[in-house]
Amino acid sequence: MNPLRTAFRVAALACLSTPVAFSQSASAAVTVVHCPSLFDSAAGKMLGPTTVVISGAKFDKVVPGTESEAGATVVDLTGVTCLPGLIDDHVHLDNQFGENSYAEAAHVNFANLVLRSTLYARRTLMAGFTTVRNVGDTDYDTVALRQEVAAGTVIGPRIFTAGPAISTTGGHADHSNGLSLELQGDPGPLQSIFNGPDEARKVVRLHYKEGADLIKAMPSGGVMDLGTNGSGPQMTEDEIRAIVETAHDYGMKVAVHAHGAEAIRRSVIAGVDSVEHGTFMDDQDIQLMKEHGTFYCPTVYTGQYVAEQARNGAYPATVAAKALAIGPQIMKTVTRAYTGGVKFAYGTDAGVYPHGQNWEDFIYLVKAGLPPAYTLQMATINAARLLGHEDMLGTVAAGKYADLVAVPGNPLDDITVMSKVSFVMKAGVIYKRDGQEVVTQ
Ligand SMILES: [Zn+2]
C-alpha cells in the first residue's frame with residue numbers, strides 16, 4: 001500500500017481515538033498558577049497554598065507552597081479558593097425558557113436557536129462550568145456546537161451531548177404534543193420517537209451515527225411539555241433495557257428523565273447510568289439506586305424555579321399545574337436520597353432557568369442538608385465519573401485537562417461564593433480573570 005496513504009489512515013485513526021469534545025492544543029506554553037487554597041475534590045477537603053503548573057492543555061505538576069518555574073507565565077491569585085473546573089451534567093444549551101417560549105415554537109427558526117446557543121455556551125463557561133453534559137437538544141445542533149467549541153471557533157464549555165432526547169409517542173420529548181391535529185403528524189425514529197424495543201434500538205443507533213456521546217431517554221412524563229401526565233411511566237422495562245443494552249454496546253451511557261417512582265424503578269433495574277430529577281423516588285427506588293450504583297442528578301433549583309414561574313403566570317395552564325405539583329418536591333427527595341446513600345452528580349437543567357446561573361443548585365443542595373464539600377465533589381469528581389472521563393477531568397492532578405476556576409472566599413464556609421466565579425481556565429487557556437472576561441479570539 002502507498003506509505004503516504006497508510007500514514008494518513010493511522011493519523012486519522014489516532015484522531016478518532018480521542019473523544020471529539022476534547023480539543024487538541026498545539027501550544028506547549030507553561031503557566032504557573034499560585035492558589036492561596038485549593039479544593040481537593042478527590043479527598044473532599046481544602047488544601048493550603050498550592051502551585052499548579054500547566055503545560056499546554058494539561059496540568060503538569062501540583063505542589064504544595066509557592067514554587068516558581070523558569071520561563072513560565074505566572075498567575076498570582078489572591079483572596080480566592082481554587083477549584084477544579086466545574087461540571088454540570090444536565091444542561092440544554094440550545095434552549096432557554098422565557099415568557100414567549102411556547103408561542104415562539106411556531107415562528108422561530110432552528111438557526112436562531114443555534115445562534116442563541118453560542119451565547120448560552122459562553123455564559124456557562126464564564127460561570128466556571130468548563131464541562132457540560134447536554135441532555136436533549138433540538139436536532140443534533142449541540143453536536144455541531146461541541147465541534148465548534150473544540151475547534152476554538154465558539155467560546156464555551158467542553159460539551160458531551162445526547163443529541164435530541166428520545167421518547168415514545170405522546171411522551172415527554174414528543175414535540176408534537178399539544179399541536180393541532182393538522183400539525184401533529186406521526187413522528188418516528190428519525191424524530192427520536194419510538195415504540196417497542198426494535199425501534200428503541202434503531203433510535204439509539206441513529207444517535208450514534210449522528211455523533212451523540214450518550215443517550216437521554218424520557219421514561220416518565222415531564223413538566224415542560226404540553227402533555228397532561230407529568231410523572232407516570234411512558235416506556236416499558238423492555239424498551240428501556242433495549243436502549244441501555246444498545247447504548248452500552250456503542251460505548252454510550254444512558255441518562256433518564258424520570259419523576260415517578262415506577263419509571264425510576266424500571267430504569268434502574270434496566271441498568272441506566274443516571275436518573276435525572278427523580279422527584280417521586282420512593283424507598284425501594286433509593287435502595288435499588290444504591291445497589292446498582294446509579295447516579296442521581298437532582299436538578300433541585302429548577303424544581304423551585306418552575307414552581308415560582310408557574311405562580312407568576314409564565315406557563316400555559318397544563319404546564320403550570322405540573323410545575324406546582326412536581327417542582328417543590330425535589331428538595332425533600334434530595335435529603336432522603338442523600339441519607340439513603342444514593343450517589344449524586346451535579347446536574348441543574350440549565351435552560352429551564354437562565355443559563356449562567358448553574359451555581360444555584362449549590363445553594364439549594366446545601367439548604368437540603370448536603371455538606372458543602374459534597375456538593376463541590378458532585379460538580380467535579382462525581383460529575384466526571386458519570387461522564388466516564390474521570391481520567392481526564394474532575395480533579396486538579398498531573399496529566400488531566402487544565403480546567404481551573406477560582407471564587408472569592410471559602411465555599412466550605414459560605415457556599416454563596418460559588419455565584420461569584422472570578423477566574424476561569426479551560427484546557428490551559430484563561431477565559432476570565434479578576435472577574436473580567438478575557439478576549440481570547
Ligand atoms: Zn432537562
Side-chain angles (χ1 to χ4, degrees), residues 87-98 101-102 105 113 117 120-121 124 129 132-142 145 157 159-167 171-175 177 192 207 212-227 230-231 234-235 253-260 263-264 267 272-281 295-307 309-310 315 319 322-323 326-327 329-330 333-334 344-358 360-361 364 378-379 383 386-387:
I87 304 172
D88 189 335
D89 272 345
H90 191 132
V91 304
H92 302 280
L93 283 177
D94 68 344
N95 186 27
Q96 182 165 298
F97 271 93
S101 293
Y102 293 92
L113 301 181
S117 73
Y120 302 149
T124 305
F129 288 80
V132 297
R133 190 177 67 149
N134 204 90
V135 285
D137 68 13
T138 305
D139 193 12
Y140 299 102
D141 46 308
T142 58
L145 189 61
I159 297 168
F160 295 93
T161 178
I166 71 174
S167 188
H172 181 46
D174 183 342
H175 299 298
N177 281 344
S192 303
H207 276 62
D213 301 295
L214 65 138
I215 296 295
K216 167 74 178 307
M218 307 292 212
S220 98
V223 172
M224 304 310 289
D225 73 290
L226 291 168
S231 59
Q234 296 186 339
M235 285 181 195
K253 296 203 176 201
V254 178
V256 291
H257 154 110
H259 288 297
I264 297 168
S267 301
V272 304
D273 299 282
S274 70
V275 169
E276 316 293 306
H277 319 302
T279 314
F280 297 108
M281 189 183 290
F295 270 106
Y296 178 32
C297 287
T299 68
V300 63
Y301 172 61
T302 284
Q304 306 293 309
Y305 181 84
V306 296
Q309 292 292 99
Y315 303 141
V319 174
K322 292 186 289 178
I326 292 171
Q329 294 296 325
I330 301 183
T333 307
V334 163
F344 282 57
Y346 198 85
T348 71
D349 221 353
V352 174
Y353 68 85
H355 290 282
Q357 295 179 26
N358 310 60
E360 291 270 14
D361 266 46
Y364 284 89
M378 283 172 63
L386 174 53
L387 286 169

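Note that ligands are numbered from 1 as they come in the structure, with each ligand's atoms numbered from 1 the same way.
- Of all non-hydrogen atoms in Gly136 and Asp94, the two that sit nearest each other are O-OD1, 4.3 Å.
- Distances from the Zn ion (ligand 1) show that His257 has no N/O/S atom below 2.8 Å.
- Ring-plane geometry between Phe129 and Tyr346 is classed as parallel, the angle between the planes falling under 30 degrees on a 0 to 90 degree scale with a further cut at 60.
- Side-chain contact of Thr299 with Asp349: a donor-acceptor pair under 3.5 Å is absent, judged by distance alone.
- Residue contact annotation: His90 places an N/O/S atom under 2.8 Å from the Zn ion (ligand 1).
- For the pair OD1 of Asp349 and NE2 of His92, the angle whose vertex sits at the Zn ion (ligand 1) is 90° to 10 degrees.
- Just one of His90, Glu276, His277 meets the side-chain hydrogen bond (donor to acceptor under 3.5 Å, both in side chains) condition when paired with His257; it is His277.
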